[in-house]
Amino acid sequence: GAVVSQHPSWVICKSGTSVKIECRSLDFQATTMFWYRQFPKQSLMLMATSNEGSKATYEQGVEKDKFLINHASLTLSTLTVTSAHPEDSSFYICSAGSGSGSYEQYFGPGTRLTVT
Amino acid sequence: AQSVTQLGSHVSVSEGALVLLRCNYSSSVPPYLFWYVQYPNQGLQLLLKYTSAATLVKGINGFEAEFKKSETSFHLTKPSAHMSDAAEYFCAVSNSGGYQKVTFGTGTKLQVIP
């Protein structure tokens, strides 16, 4: 149980275009989802926290107009990278929490974004 | 405020030897502590977690960790390394009491030498 999927697993896009990444909780309802960014050989940096039906809370230094997060349902959150640039190339990982009392986050497999 | 320090960005052990990955935390309130493993180009898999119950926590794949409040440590151990244990390991901390921000350490890459 507690499976989180991400789609696509990898994507290549041209500079200036937008890319949408989906994060789904497959077998539980996720009241809270988190988006992380991981640079090569570095740790995960939290970008934002999203609660179903409300606006995402962004971490300091993360451009909310560039990284649009939508959490429209209890099983789906999306991250849209708008007007992507090569410096946005990274590994993006989402996680979801079930709110069952364990406060554990379940991580998706990640999405590799390359902007050319 | 909370933080995690992982000592050693790279650790090499021989197959069959003891694995010890070090993690020290800082938290102003009682912490929840986690160890995750990440294989190349994959997401994170939870190995084990401490949530204020037993101080010795057993996880998957033979790993365990001991919460030592006096030392503010949560080191990860495994008695006998296997080749399949080669991966990146992250220690993480969050505050108890609901969904709180999880702060990750910088990671330790474990190499297992045959």
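Everything numeric in this text was worked out from a predicted model, so none of it was measured. The sequence lines fix the lettering, A, B, ..., with proteins before strands; numbering per chain opens at 1.
- Under the 4.5 Å side-chain contact rule for hydrophobic residues, Met33(A) and Leu113(A) do not share a cluster.
- Taking hydrophobic clusters as Ile, Leu, Val, Met, Phe, Trp and Tyr residues chained together by side-chain heavy-atom distances below 4.5 Å, Leu18(B) does not share a cluster with Ile113(B).
- Proximity of a side-chain donor or acceptor of Ser43(A) to a complementary backbone N or O of Gly105(B) within less than 3.5 Å is detected.
- Separating the CD atom in Gln42(A) from the CD atom in Glu88(B) is a distance of 10.5 Å, to the nearest 0.5 Å.
- Looking only at side-chain heavy atoms (C-beta outward), Leu44(B) and Ile93(A) come within less than 4.5 Å of each other.
- Contact annotation for Gln38(B): only side-chain heavy atoms (C-beta onward) come within less than 4.5 Å of a heavy atom of chain A.
- At most 12 heavy atoms of other shown residues, nucleotides or ligands fall within 6.0 angstrom of atom NZ in Lys64(A).
- Hydrophobic clustering, with ILVMFWY side chains joined whenever heavy atoms are under 4.5 angstrom apart, keeps Phe67(B) apart from Leu56(B).
- Looking at Phe90(B), only its side chain comes within 4.5 Å of chain A, counting heavy atoms on both sides.
- Residue Phe74(B) is grouped with residue Phe63(B) when hydrophobic side chains (ILVMFWY) are merged at heavy-atom distances under 4.5 angstrom, including chains of intermediate members.
- Tyr36(A) is listed as a side-chain neighbour of Val102(B), based on a closest heavy-atom distance under 4.5 Å.
- Cluster annotation: Phe34(A) is not connected to Val93(B) through the hydrophobic network of ILVMFWY side chains, with a link wherever side-chain heavy atoms come within less than 4.5 Å.
- Counting heavy-atom pairs closer than 4.5 Å to chain B, the top-ranked of the candidates Met45(A), Gln6(A), Glu59(A) is Glu59(A).
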